[in-house]
Amino acid sequence: MPRITSCLLDGKPTTTAEALELREDARRREVDAPQFRCDECTYPVEAHKDGMTGGKAHFEHMDENPQCPYMQD
Ligand SMILES: [Zn+2]
């Protein structure tokens, strides 16, 4: 499955770095995290940080969407 490396926030393209920063900022201010959406299918996605195993930061669908191009092999 291809990695999702950009998303939409209020309809604007957002990178993983920006998304993680915005989420951290929301956490610090104790407000709800922004709702990021898949830039292909607009389903909600969640930002994941760089993995311990060397995986790059990316977004993952919170719910599977078989119609989404990112969900295709
Ligand atoms: Zn999608």
Side-chain angles (χ1 to χ4, degrees):
M1 185 164 37
R3 285 264 158 121
I4 310 176
T5 54
S6 67
C7 74
L8 295 175
L9 177 60
D10 298 330
K12 284 183 288 190
T14 306
T15 65
T16 41
E18 288 168 338
L20 288 165
E21 200 169 312
L22 288 166
R23 194 177 64 184
E24 286 302 313
D25 187 55
R27 193 172 290 168
R28 273 195 300 272
R29 292 187 290 129
E30 297 182 354
V31 297
D32 286 340
Q35 180 61 75
F36 303 109
R37 292 182 176 277
C38 179
D39 60 5
E40 289 283 356
C41 71
T42 73
Y43 268 45
V45 293
E46 191 176 18
H48 289 261
K49 292 184 180 182
D50 294 9
M52 298 289 183
T53 52
K56 287 224 162 75
H58 64 284
F59 295 98
E60 280 180 18
H61 265 237
M62 293 164 78
D63 293 305
E64 298 224 344
N65 174 12
Q67 309 302 321
C68 178
Y70 287 122
M71 294 274 133
Q72 315 303 318
D73 286 324

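One-based numbering, in listed order, for ligands and for the atoms of each.
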S.K.: More than 12 non-hydrogen atoms from neighbouring residues, nucleotides or ligands closer than 6.0 Å to CD on Glu21, yes or no?
M.R.: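 No, not enclosed.
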S.K.: Report yes or no: does Arg23 contribute a side-chain atom to a donor-acceptor pair with the main-chain N or O of Ala47 at less than 3.5 Å?
M.R.: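 Confirmed, Arg23 side chain pairs with Ala47 backbone.
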S.K.: Can you tell me if Tyr70 and Asn65 form a side-chain donor-acceptor pair at under 3.5 Å?
M.R.: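 No.
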S.K.: Give the total of protein N/O/S atoms at a distance below 2.8 Å from the Zn ion (ligand 1).
M.R.: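 Near the Zn ion (ligand 1), the number of protein N, O or S atoms below 2.8 Å is 4.
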S.K.: On the 0 to 90° scale, with breaks at 30° and 60°, tag the His48-His58 ring pair as parallel, tilted or perpendicular.
M.R.: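 Geometry flag for His58 against His48: parallel rings.
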S.K.: With the 4.5 Å side-chain cut-off for hydrophobic clustering, are Phe59 and Leu22 part of the same group?
M.R.: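 Yes, it is one cluster - the side chains of Phe59 and Leu22 are joined through contacts under 4.5 Å.
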S.K.: Going by salt bridge (charged side-chain N to carboxylate O under 4.0 Å, His left out), name the residues that satisfy it together with Lys56, two or more places apart in sequence or in a different chain.
M.R.: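 With neighbours one apart ignored, the set is empty.
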